[in-house]
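Each remark here refers to the structure printed beneath this line.
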Amino acid sequence: MQDGSRTTEITASTRGELAMGGLEVHFQALEDCASAARKVAKEVNDLGGGFPAGATDSSIFGKLADSSGLASAVDAVEKAADEELGQAGSKLEGVERALDKVRQNVRTANRASGADS
């Protein structure tokens with residue numbers, strides 16, 4: 001590593017950036033993405049909190065032929081929505097944790113290399 005590039009790395013590091021082997025990491029961007037994933041995960045989990053609402057009473061469809069079949073279909077849709085929202089929330093939480101881990105690992109590597117003082 002040349003002295004000029006090391007000076008650039010330290011200067012970049014003070015701005016929240018790190019240049020490693022031609023790769024520039026923006027810590028604020030990682031933190032912003034993790035924060036956005038956390039926010040959306042909370043919204044998805046809150047949205048999914050009302051699912052499934054419970055067994056649908058077929059009487060809400062009046063004298064409609066096969067209203068019990070329609071009520072069963074509504075229940076199936078609610079169950080599917082609950083499962084999908086739960087999986088989406090879990091995956092978004094995983095994204096947030098992964099981005100935080102990347103940020104931590106890059107900072108740790110940066111400190112170990114002596115570039116972050």
Quick one: side chains of residues 88-104, donor-acceptor pairs under 3.5 Å with protein atoms, not counting sequence neighbours, listed by atom name and distance.
| from | atom 1 | to | atom 2 | distance (Å) |
| --- | --- | --- | --- | --- |
| Ser90 | OG | Gly86 | O | 3.1 |
| Glu93 | OE2 | Asn45 | ND2 | 2.8 |
| Glu96 | OE2 | Arg38 | NH1 | 2.6 |
| Asp100 | OD1 | Arg103 | NE | 3.4 |
| Asp100 | OD1 | Arg103 | NH2 | 2.5 |
| Asp100 | OD2 | Gln104 | NE2 | 2.7 |

- Measure the spacing between CD of Glu84 and CG of Asp82 and express it to the nearest 0.5 Å. 10.0 Å

- Rounded to the nearest 0.5 Å, what separation is found between the CD atom of Gln28 and the SG atom of Cys33? 10.0 Å

- State which residues pass side-chain hydrogen bond (donor to acceptor under 3.5 Å, both in side chains) with Asp66; sequence neighbours excluded, sorted by chain then number. none

Below 3.5 Å, can you tabulate the donor-acceptor pairs from side chains in residues 68-80 to any protein atom, sequence neighbours excluded?
| from | atom 1 | to | atom 2 | distance (Å) |
| --- | --- | --- | --- | --- |
| Ser72 | OG | Ser68 | O | 3.1 |
| Asp75 | OD1 | Thr56 | N | 2.9 |
| Asp75 | OD1 | Thr56 | OG1 | 2.6 |
| Asp75 | OD2 | Thr56 | N | 3.4 |
| Glu78 | OE1 | Ala53 | N | 3.0 |

- Task: For Asp57, enumerate each residue passing the side-chain hydrogen bond (donor to acceptor under 3.5 Å, both in side chains) test, keeping only those at least two apart in sequence or located in another chain.
- Result: Ser59

- Message: Asp46: which residues meet the salt bridge (charged side-chain N to carboxylate O under 4.0 Å, His left out) condition with it, sequence neighbours left out?
- Response: Lys42

- dist Asp32:CG -> Phe27:CZ (nearest 0.5 Å) comes out at 13.5 Å

